[in-house]
Amino acid sequence: MAEREIAAEHEKTLHIANKNVLLKRTLGLFDITCFLVGSIVGAGIFVSPTGVLKYAQLNVGVTLCIWAASGVLAMMSSLCYAELGSALPFAGGEYYHVKRGLGPLPAFIVIWTSILFRRPASSAARALTFAEYATQPFYSGCPTPELLKKIMALAVLWVLGIINIKSAKMTTWVQNVFTVLKMLALIFIVICGLKELGGKTEIPGHLTNAFDSPSPNAVQIAESFFQGLYAYGGWNFLNYIAEEIKNPSKNIPLCTITAVAAVIAFYLLVNISYLTVLTPKEIVSSAAVSITWADRVIPTVAWIIPVSVAISIFGSLNGGMFMLGRLNYAGSKEGHLPALISMLHVNHLTPAPAIILSTIIASIFVIPSDLLSLTNYFGFSTWLLVGLTVTSLIVLRFREPNLPRPYKVFLPIAFGVVLVAAFLVLVPIIQSPKVQYVYALLFMLSSMIIYFPFVYFKLRIPYFDGITCYLQLLMEVVPTDIFEDPKSQ
């Protein structure tokens, strides 16, 4: 009997091995361009114009310059990432690059902060924002009940989680469709704005005399810059899925340049459309400038814009969850998370445990709203991570000069990004020092309590292997390293 069971298990193992359980390189140029554009364009362009204009002291010329400058910084940073992604096309993005360039401890702090707080909180905030805009047409003139928003947010998180588990191809299809829909919404806003501009007997004074308003000071420009950068968030997602991109050495740089340039152009045109229809004071007094714009331009079908915002956020959330699953997967493969997290589903070939973990943590953030308020104080960690990643690029240039680099960024650009990242990390802390920043820093450093015993000294927890085995059977997942195919890299 025992021999039969052993033979059956051996046959099952051979069957799984023959299936080649690996992340597959299935994403072409169109797929990853939709992924990147869809991840960047969320709620920001529909909401952030208010904040940018407000902190720019209603100076339209300075506002448009800040939108362009935010896009240029996103482009410079993404070009640095394109070099890393094309040279090291593995899952994990920034985490993997920091580990390769600066070592395991900084990388562990990165993944600790990312998977336990920053990324899940971001997903939860997007899910709640989606719920608010999706229900707005049904609650015209009054706020949506908080309970309904949370139920809908949890539902969308788990629907996307299941889609991500079931099929990478299905996830890609969802991302492509929703990216096309949100870009159509932006094109609609641009065309309507240009039509309004063409129909006016004279161009609005705040556009012809764009720099006549009082100029903002340095602190106000910095605040306005932060608002603009929020709308470009997501430009750094592409490297997280590099292990699934076809011909990454060519497609990653090409996608980066195409997608970020397109977003910059659309953001500037959409802002001009808003400013054609609304005055700067009207934009600043609006809670959601796109909806105020719709009430003025298309009052009979103004509900289209809240729905478009919801579609935009849905696509951005889908891209974020797809990315987060790959981050968890990479951390596990590098030995910084439990081995179960890096296992792939035997049928779907997706990192199911990694996706389940990220969905559970994001769901926890949805329930108590006060947790999300803490994310404001983790904002500095975003550019801290960018600074560390680009520093890794510089270190690798000198430490591994013979590493094949299909694309190389102009090195002064990398130094410039590091300096700007340092500025963006320090400004909010110096300008408005609060004890919450200390809490955020202590949370990041608390990762060492886990790192040294369990990662560095490899302390084993009793019965943990048995629990892993049980969950592995329950979720039908297997480790990839057993069947690793060197040709796949």
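Close placement of the Trp235 and Tyr81 rings is indicated, their centers lying within 6.0 Å of each other.
When atom types are taken as modelled, the side chain of Thr179 and the backbone of Gln175 share a donor-acceptor pair closer than 3.5 angstrom.
For the residue pair Asn247 / Ser249, a side-chain donor-acceptor distance below 3.5 Å is found, with atom types taken as modelled. The closest side-chain donor-acceptor pair between Ser363 and Trp158 falls under 3.5 angstrom. For the 3.5 Å distance criterion, the side chains of Arg126 and Ser316 qualify, holding a donor opposite an acceptor. No side-chain donor from either of Glu334 and Tyr95 sits under 3.5 Å from a side-chain acceptor of the other.
Atom CG of Leu269 sits about 12.0 Å away from atom CD1 of Ile264, to the nearest 0.5 Å. The distance from the CZ atom of Arg118 to the OG atom of Ser381 is 4.5 Å, given to the nearest 0.5 Å.
By the 4.0 Å N-to-carboxylate-O rule, Glu132 lies close enough to Lys149 to be salt-bridged with it. We find that Glu94 and Arg119 are joined by a salt bridge, their nearest charged nitrogen and carboxylate oxygen being less than 4.0 Å apart. Between Lys246 and Asp31, none of the side-chain N atoms (NZ, or NE/NH1/NH2) sits under 4.0 Å from a carboxylate O, so this pair counts as no salt bridge.
Judged by a 6.0 Å distance limit and a 45° cone about the ring axis, Arg326 is positioned over the six-membered ring of Phe322.
Proximity of Leu403 to Arg100: side-chain heavy atoms (C-beta onward) are separated by under 4.5 Å at one or more points.
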Arg25 and Glu243: salt bridge (charged side-chain N to carboxylate O under 4.0 Å, His left out), yes or no, with the steps?
-> CA-CA 7 Å; Arg25 293 197 183 276; Glu243 202 163 316; over 6 Å; no
